[in-house]
Amino acid sequence: MTRYQPHLSKTRIQNGRQCHKRLWLDVHQRALAEWGEASQLRLAQGTAFGELAQALLGGGHLVEADHTQSREAQAETQRLLARPRARAPQIFEAAFEHERVRVRVDVLRREPRSDTLIEVKSTTGAKAEHIWDAAIQTWVLRGAGRPVKRVQIGHLNKDFVYQREGDYEGLLALTDITDQVDALQPGIPTLVRQLKKVVQGPKPEITTGAHCSSPYDCPFIGHCQSMEPPQPEFPVTLLPHGGKSVEALLAEGYRDLREVPEDRFDNPRHQRIAEATRTGKAFVDPALRKAIKALPWPRYFLDFEAISFPVPRWLGTRPFQQIAFQFSCHVQTSARAKPRHHGHLDTEDSHPEARVAKRLVECIGDTGPILVWNRGFEAQILRQMADVQPKLRKRLLGMVDRLVDLLPLYREHYYHPDQRGSWSLKAVLPTVVPGLAYDGLEVANGLDAQMSYIALLNESLGRPDEERLRAALTHYCATDTVALLALS
Ligand code: SF4
């Protein structure tokens, strides 16, 4: 009886390198995969950059057959390769197969006596997993008889600034990775043989761990966790930046943080977390109140919402630049005064920071601390605004000097077991002010905010939907500054 022999692909091999069980599930129980909104957004952005890269590389012949039509795609590729090089010098999505491994190549450039393979990635450089992607493809192409001599990653040029509408010349950078790819070739046949055995064998017994999110988030995590004994309420994995310490605890058989002996931790922050978790009592250092009380009035509580695009959408911006499209600011003039709220949500669909900056200086006066959560981000946005609003430059840079970051204060002087190892505003807030939380908001996190904002820009929403989304975004951003008020 012939054994079932599914084909491998570049993606399946990469899945198998991450985890044999992931590969097995991908082949046999694909429907169990759950792709989050963030993955879908990244995929859509990657596809858009891939299409733009084809134009930036000077165009070529696209193999139209999709990934479900492998034979047709390979036949179409062979027809194009049968033409003289001058009539098909560059092929996109060329399809090849070798030893039952199928690949589609982003760009195959036919040089006079050899081929160049280009793998396009919507990142700002070549990463280790990209080199593996290209190495697997190179192995298949050489095995199928193509003379691949040069291998490159086509990625975003991080220094590119979008200056003329529709002109992306210079956005694509090519990095040569031929040597790294060649160095991986000798190990690929063994890897392929090993992974073929995995897919033909029984489902691998692998438990979840750090490998489930490295280098990529695994879409089977929900399924795998549902098959494992329930996690303790406070697993040792909640220790932030646990790395090797957590691995060691797990290896020693500890799963519940409350069961780890006190003297087992050498990191003071881990000690504090473990003690609060064991006793069920929050750690509150009086230094926290003292530091906040010492701040002068008036006080400003500021939060920006920002978005980034791999392919710059607005003139004057770079790939992946964080660009603020909204702010919320509560102003309190004295301990007894009622805070006033200001905010702005910009949906004009051009670089919004000059307009956001203009509205910001209308509500932030010349003196008084500006309280934020995670200063680096707000400082970066204010500096960017100073660059696009020269008239307000001095005031905006002055604000950078007045930023007071509550995050390190809380990190050093406060911990509640319900934070479960996180000092995000969303984790800390309900432990300080029970009842005040983000649960139930239509826009409840940064990703929701970005998706809602993109919908406002891209979609022709009816007026009720547009107003609903605007209100949800405004409410979400204001909740962040209400939280800052409540924590100070
Ligand atoms: S969730 Fe983890 S253990 Fe399960 S398949 Fe994915 S990587 Fe493997």
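All ligand and atom numbering here is 1-based and tracks the order in the structure. Throughout, residue positions are numbered sequentially from 1 according to the sequence presented.
- Without hydrogens or angle criteria, Gln271 side chain to Phe265 main chain gives a donor-acceptor distance under 3.5 Å.
- Donor-acceptor pairing under 3.5 Å is lacking for the side chains of Glu97 and Ser70.
- Applying the salt bridge (Lys or Arg N to Asp or Glu O under 4.0 Å) test to residues at least two apart or on different chains, none of the pairs has a partner in residues 50-72.
- In this structure, the side chains of Gln326 and Val356 stay at 4.5 Å or more apart for every pair of heavy atoms.
- Ion pairing between a basic and an acidic side chain is recognised when a charged N comes within 4.0 Å of a carboxylate O; Arg264 and Glu252 show such pairing.
- Take atom 6 (Fe) of ligand 1 and draw a sphere of radius 2.8 Å; the protein N/O/S atoms inside it number 1.
- A ring pair (Phe, Tyr, Trp, His ring centres under 6.0 Å) with Tyr410 holds for exactly one of Trp373, Phe283, Tyr415; it is Trp373.
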